[in-house]
Structure formats: structure tokens, C-alpha cells
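Source: prediction; values computed, not measured. FYI, the numbering just counts along the sequence from 1.
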Amino acid sequence: MTTTEATKALHRQWGFIGIVAAGGVFGALARYGLGLVIPAPNAWPLPTLVINLSGALALGALLEGLSRRGSDVGNRRVLRLALGTGFLGAYTTYSTLALDAVHLFTVGEAPGAVGYLAVSLLGGAAATTVGIWLGAWHHRRATGRQQ
């Protein structure tokens with residue numbers, strides 16, 4: 001890597017852009033595939049909820065695990081960009097969450113829409129917290145450290 005590349009912001013380096021894009025392709029495909037197999041009872045957006053909560057959990061675990069292994073350089077940076085920003089960024093679908101909520105409101109399901117938003121947002125925060133805890137637990141287990 002040249003000095004110019006080393007000082008250029010990550011989002012302006014073509015290699016890192018390609019890593020994020022490649023991860024994004026697979027994340028979008030995973031989201032699409034799960035959206036096909038998870039049922040949506042009475043047109044309620046269960047697939048989006050499951051995808052977003054599982055993505056929040058995975059992102060919390062990934063970022064905690066990577067941060068406990070050291071600085072955001074080398075393979076850790078590549079994993080963060082490929083899996084975190086790319087795969088999980090495309091896998092989770094908060095724009096669809098907003099669209100689903102608007103749809104529920106427009107068809108007269110205001111309580112369902114409010115519940116959906118509450119479960120999505122609070123559940124996402126809880127799932128991320130659990131993911132962070134799991135990442136820390138795994139690190140302690142793998143290294144034999146008590147922290």
C-alpha cells in the first residue's frame with residue numbers, strides 16, 4: 001500500500017469498496033432467500049422482523065469479537081467491512097421495516113404497526129446487546145481470560 005493509499009479514507013479506497021460490495025451481494029441474497037422461506041402470517045412482516053433481529057445479534061457479536069482481538073487493521077478490518085458493513089448491512093433491511101410499518105398503518109392496523117416498530121427497535125437493541133455479550137463470552141472462553 002502506498003503512502004497516499006494509507007492516508008486515504010477507507011470509503012475512498014477501491015479495494016475496501018469491493019470488499020463491502022462483495023459482502024453486500026451475499027447479504028442481500030441471504031435476506032431475499034430467508035424472506036421467501038419465513039412465513040408472513042396474515043401479511044404481518046415476520047420475515048423482516050426475524051432478519052433484522054438476527055442481523056442485529058450477529059453484528060453485535062461480530063463487532064465485539066473483533067474489537068476484543070485488537071485494532072481495526074489487517075484481517076480484522078477486512079472481516080468488519082465484508083461481514084459487518086457489507087453482508088449484514090445488506091442483510092438487515094430497515095428501509096423495509098419502515099415500508100412495512102407504513103403499510104400496516106395504511107391498512108388500518110395501527111396497533112400492529114406500533115407493536116411491530118416497538119418490537120423491531122427495542123428487540124434490535126436487545127439483540128445487539130445479547131450479541132455483544134456473546135462476543136465477549138466467546139472471547140473469554142477462547143482465550144481463557146476472565147474479565
Side-chain angles (χ1 to χ4, degrees), residues 1-41 43-106 112-145 147:
M1 181 181 310
T2 67
T3 305
T4 304
E5 289 173 327
T7 59
K8 194 188 296 185
L10 290 180
H11 68 278
R12 298 183 68 195
Q13 295 180 37
W14 286 108
F16 290 128
I17 293 169
I19 289 167
V20 171
V25 167
F26 291 105
L29 290 171
R31 180 185 72 227
Y32 177 75
L34 279 175
L36 292 176
V37 299
I38 298 172
W44 200 81
L46 181 62
T48 304
L49 181 65
V50 169
I51 289 165
N52 285 343
L53 294 181
S54 64
L57 176 80
L59 186 60
L62 172 71
L63 294 181
E64 181 67 17
L66 290 174
S67 71
R68 287 180 174 265
R69 285 172 177 75
S71 300
D72 185 41
V73 295
N75 288 336
R76 284 184 297 277
R77 177 175 287 167
V78 170
L79 284 171
R80 178 182 59 82
L81 291 172
L83 298 177
T85 306
F87 184 89
L88 292 170
Y91 174 76
T92 56
T93 175
Y94 284 90
S95 59
T96 303
L97 175 145
L99 184 63
D100 289 342
V102 167
H103 174 74
L104 288 170
F105 277 117
T106 59
V114 170
Y116 173 62
L117 288 170
V119 169
S120 294
L121 298 175
L122 297 174
T128 301
T129 302
V130 170
I132 291 168
W133 179 84
L134 288 171
W137 173 80
H138 181 267
H139 179 75
R140 285 191 306 271
R141 187 170 164 248
T143 61
R145 291 186 207 162
Q147 294 175 333

Query raised in the report: Passes side chain to side chain contact (heavy atoms under 4.5 Å, CB included), Arg77 versus Phe16? Steps please.
Result: CA-CA 9 Å; Arg77 177 175 287 167; Phe16 290 128; 3.7 Å; yes

Query - Partner set under side chain to side chain donor-acceptor pair (under 3.5 Å) for Arg31, not counting sequence neighbours - result: none

Distance-only donor-acceptor hits, side chain of residues 98-105, under 3.5 Å, sequence neighbours excluded:
unit_1, atom_1, unit_2, atom_2, d
Asp100, OD2, Thr48, OG1, 3.0
Asp100, OD2, Tyr116, OH, 3.3

Requested in this report: Could you tell me whether the side chain of Arg68 and the main chain of His139 form a donor-acceptor pair under 3.5 Å?
Outcome: no

Query raised in the report: Is there a side chain to side chain contact (heavy atoms under 4.5 Å, CB included) between Leu49 and Trp44 once you walk through the steps?
Result: CA-CA 10 Å; Leu49 181 65; Trp44 200 81; 3.8 Å; yes

Query - Exercise: identify the closest heavy-atom pair between Leu53 and Gly123 - result: CD2-C, 3.2 Å

Query raised in the report: Tell me, do Arg80 and Thr85 make a side-chain contact under 4.5 Å, heavy atoms counted?
Result: yes

Query raised in the report: What is the minimum heavy-atom distance between Ala56 and Gly124, and which atoms define it?
Result: CB-O, 3.6 Å

Query raised in the report: Should Leu79 and Leu66 be marked as a side chain to side chain contact (heavy atoms under 4.5 Å, CB included) after you check the CA-CA gap, both sets of side-chain angles, and the distance that decides it?
Result: CA-CA 8 Å; Leu79 284 171; Leu66 290 174; 4.1 Å; yes

**Report entry** Nearest atoms (heavy-atom pairs only) where Pro39 meets Pro47
**Finding:** O-CD, 3.6 Å

Query raised in the report: To the nearest 0.5 Å, what is the distance between OG1 (Thr128) and CD (Glu64)?
Result: 12.0 Å

Query raised in the report: Which distance, rounded to the nearest 0.5 Å, do you find between the OH of Tyr94 and the CG of Leu121?
Result: 7.5 Å

Query raised in the report: Given side chains that start at C-beta, do those of Leu46 and Pro41 come closer than 4.5 Å, heavy atoms only?
Result: yes

Report summary line: Correct closest heavy-atom pair for Gly24 and Ala90 would be O-CB, 3.2 Å

**Report entry** Distance (rounded to the nearest 0.5 Å) between Leu83 CG and Leu59 CG
**Finding:** 10.0 Å

Query raised in the report: Who passes salt bridge (charged side-chain N to carboxylate O under 4.0 Å, His left out) against Arg76, sequence neighbours left out?
Result: none

Query raised in the report: Do the side chains of Leu134 and Leu57 get nearer than 4.5 Å, heavy atoms only?
Result: yes

Query raised in the report: Quick one: CG on Leu29 to OH on Tyr91, what's the gap to the nearest 0.5 Å?
Result: 13.0 Å

Query raised in the report: Is there side-chain contact between Leu97 and Asn52, with heavy atoms separated by less than 4.5 Å?
Result: yes

